[in-house]
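This report refers to the structure that appears directly beneath it.
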Amino acid sequence: MNEGKYDIIVIGAGHAGIEAALSAARMDCQVLLMTMDIAAIGRMSCNPAIGGTAKGNLVREIDALGGEMAKIADATGIQFRMLNKSKGPAVWSPRAQNDREAYSVEARRHVESQANLHIMQDMVVQLFTEGGEVAGVETAAGIRIPCKAVVISSGTFLNGVMHTGLKSRIGGRFNEPPAIGLTASLEKLGFVSGRLKTGTPPRVDRRSIDFSQLEEQPGDQDPEPFSFQTLEVTKDQVSCFLTYTNQRTHDMLRTGFDKSPMFTGLIKGIGPRYCPSIEDKIVRFADKGRHQIFLEPEGRDTNVVYVNGFSTSLPAEIQCEAMKTVPGLEHVEMLRPGYAVEYDFFPPHQVKLTLETHLVGGLFFAGQINGTSGYEEAAGQGIVAGINAALRVKGENPFVLSRAEAYIGVLIDDLVNKGTDEPYRMFTSRAEYRLMLRQDNADRRLMKYGRKYGLIPSDVYDSLLEKERYVETLSSYVDAKSVPPAAVNSYLEQVGSAPITENEKLSQLVKRQDVSLSDLLKLEYFRSDSLPMEAAARADVVRQVEIETKYAGYMARQFEEIERFEKFESMQIPDGFDFRRVKSLSTEATEKLNKVKPSSIGQASRISGVSPADISVLMVYLH
């Protein structure tokens, strides 16, 4: 290896590693992506699906920043659905079922075709540092590679152990070895590690399923792509299917509890609270007589079906017999049993909001190493870590997303300030300003950053600016336009809304629950009016204006809350400040503040154990 050849080394080529490596390479850094298996780049370890509640928001934010996950999902999706459409737009979330093999192939194509990005198949076993900063890595093959920054995105591979019943074997994923040595190297540098657990369900043969007993779950008739750069979804969609467990299923599962690695104590790591195993469900929710099971194809040209909702580490024979009690699965053939994976992580109070570690300059953690669960949470961290690694190499100011402007900001802020002792999963309820952080406006919120760092092409950004002009034009029209009763009463009657008796502002009509701006603008009255036709012809523009008109009052209140939030965020705390100097702080606050090392009063106020009184004392001292 030539001295100084690489600026940044990314360890691990999963969803976090892909985004980190691509973003840094596009920022003109020489990047080396290290993977134990080149064929496994972008492999979907668990469910072959992207998005879902809140997770879909993360994917659209990654896309707005210039990331790749949304484009890969669009190219390999076999079913697209917008979840929660019966609720308000703050919780709408896109989800795609993907072809598992095609996703990995497409991800690898994007990585291999990227300029400045090099790939090496080997395992990193050690970091070496100089003067408190990362200086390079050493591989299992004994190769020492110098660099200026390192991003570790190791997934579930750090000292991974897989469990099925009382049988355990080392590995980070089915038929793949664990990563050995890196945890010990980090611990020697002073990092604290822990153990977490995740799991996956059995895979079954599609040909052995009785679909006549199942409830079909088709995709949306007019599917929306994930990426703002994808014009439309054109491929035919594949259905998923719904069934349920029953008391017989639960009784059969209980017969294996004495051989459960989770209940016998064989597994020490803590599993995900919000995606529990099937055995955990029937213990924690003993009053529930059934649980949903989604049967999801792993691709267009495969008979492998993913049994979503049946994650388990029970003995294989118990898994198979229990599935045969589920309607539609009476004659099912199990292709691969479910299993649990235990792996090392590093509690995230050890990183900054940039995802750079406090202990070692130039070392970044992204993904499950920080205690998160899910492809989307990993990818969101990956792009932030990649951007910041590149900025550090260039000597430029770091990039931090606040929780008021992105779900990615909420994710990282929660991890750093609250920590986690279980796999962290994103939910819309975690965001205080979720009405502002909708999936539909991610481009308007974040694409400016993607353009700033060279991750968004100029023509794409120009299209966004044009969209903004159209939104402003149509919003002005809707606010100013006065509509006579004769023009709209017939429509109002059709949708079950009260008629008007005198002229009324169009904006007031749009605020009604059952009234659609898109439908109103199709009425004859508006065709001969001064309607800005180019703006009204764009569905994305009309949707933005409708949402912002309907929820104008709520959004105004959130703007006020965000202004107060940003006031505290702007109150900076000096880097390296020793909080023990502030004698009036409580003992707990002093301990927590020195542990997390917040960079602002706002961040300090969100640390568990730091009271409002402590914040007041700190503000007076710093002033």
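Starting from 1, each residue takes its place in the sequence as its number.
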Could you go through residues 449-456 and list every donor-acceptor pair under 3.5 Å that involves a side-chain atom there, pairing it with any protein atom two or more places apart or in another chain?
{"from": "Tyr449", "atom 1": "OH", "to": "Glu405", "atom 2": "OE1", "distance (Å)": "2.8"}
{"from": "Arg451", "atom 1": "NH1", "to": "Ile456", "atom 2": "O", "distance (Å)": "2.9"}

Please list all pairs meeting salt bridge (Lys or Arg N to Asp or Glu O under 4.0 Å) that have one or both residues in residues 346-372, counting only residues at least two apart or in different chains.
Lys352-Glu356, Glu356-Arg392
Quick check: Tyr343 with Phe345 (ring centres under 6.0 Å apart)?
no
Using a 6.0 Å distance limit plus a 45 degree cone around the ring axis, check whether Arg173 lies over the aromatic ring of Phe157.
no
With a 4.0 Å cut-off on N to O distance, would you call Asp443 and Lys467 a salt bridge?
yes
Ion pair check, Glu377 and Arg425, cut-off under 4.0 Å
no
Could you tell me whether Glu548 and Arg444 make a salt bridge, using a distance below 4.0 angstrom between a side-chain N and a carboxylate O?
yes
A quick test of your reading: do over 12 heavy atoms of other residues, nucleotides or ligands sit less than 6.0 Å from CZ of Arg290?
no
Within 45° cone of Trp92 ring axis and under 6.0 Å: Lys85 NZ or CZ
yes
The single option from Lys418, Arg403, Arg430 passing salt bridge (charged side-chain N to carboxylate O under 4.0 Å, His left out) against Asp413
Arg403
Take atom CG in Asp514; do more than 12 heavy atoms of anything else shown fall under 6.0 Å from it?
yes
Do Thr230 and Asp74 have side-chain atoms, one donor and one acceptor, less than 3.5 Å apart?
yes
Would you say the side-chain atoms of Asp280 and Ser277 include a donor-acceptor pair closer than 3.5 Å?
no
State, without any angle test, whether Ser93 and Asn57 hold a side-chain donor-acceptor pair at a distance under 3.5 Å.
yes
Between Glu591 and Lys595, does any side-chain N to carboxylate O distance fall below 4.0 Å?
no
Thr76-Asp99 side chain donor-acceptor pair, cut-off 3.5 Å
no
Aromatic contact between His358 and Phe191, with the criterion being ring centroids under 6.0 Å apart: yes or no?
no
Are any of the side-chain nitrogens in Glu68 or Arg26 under 4.0 Å away from the carboxylate oxygens of its partner?
yes
What I want to check is whether the side chains of Asp344 and Ser193 have a donor and an acceptor closer together than 3.5 Å.
no
Regarding Gln368 and Thr156, do their side chains bring together a donor and an acceptor under 3.5 Å, going by distance alone?
no
Which of parallel (below 30°), tilted (30 to 60°) and perpendicular (above 60°) describes Phe577 and Phe579?
perpendicular
Salt-bridge criterion met for Glu61 and Arg445 (N-O under 4.0 Å):
yes
Which atoms form the tightest heavy-atom contact between Ile18 and Gly42, and what is the distance?
CD1-CA, 3.5 Å
CG of Leu391 to OG of Ser23: how many Å apart, nearest 0.5 Å?
9.5 Å
Can you see whether Phe568 has Arg606 sitting over its ring - NZ or CZ less than 6.0 Å from the centre and within 45° of the normal?
no
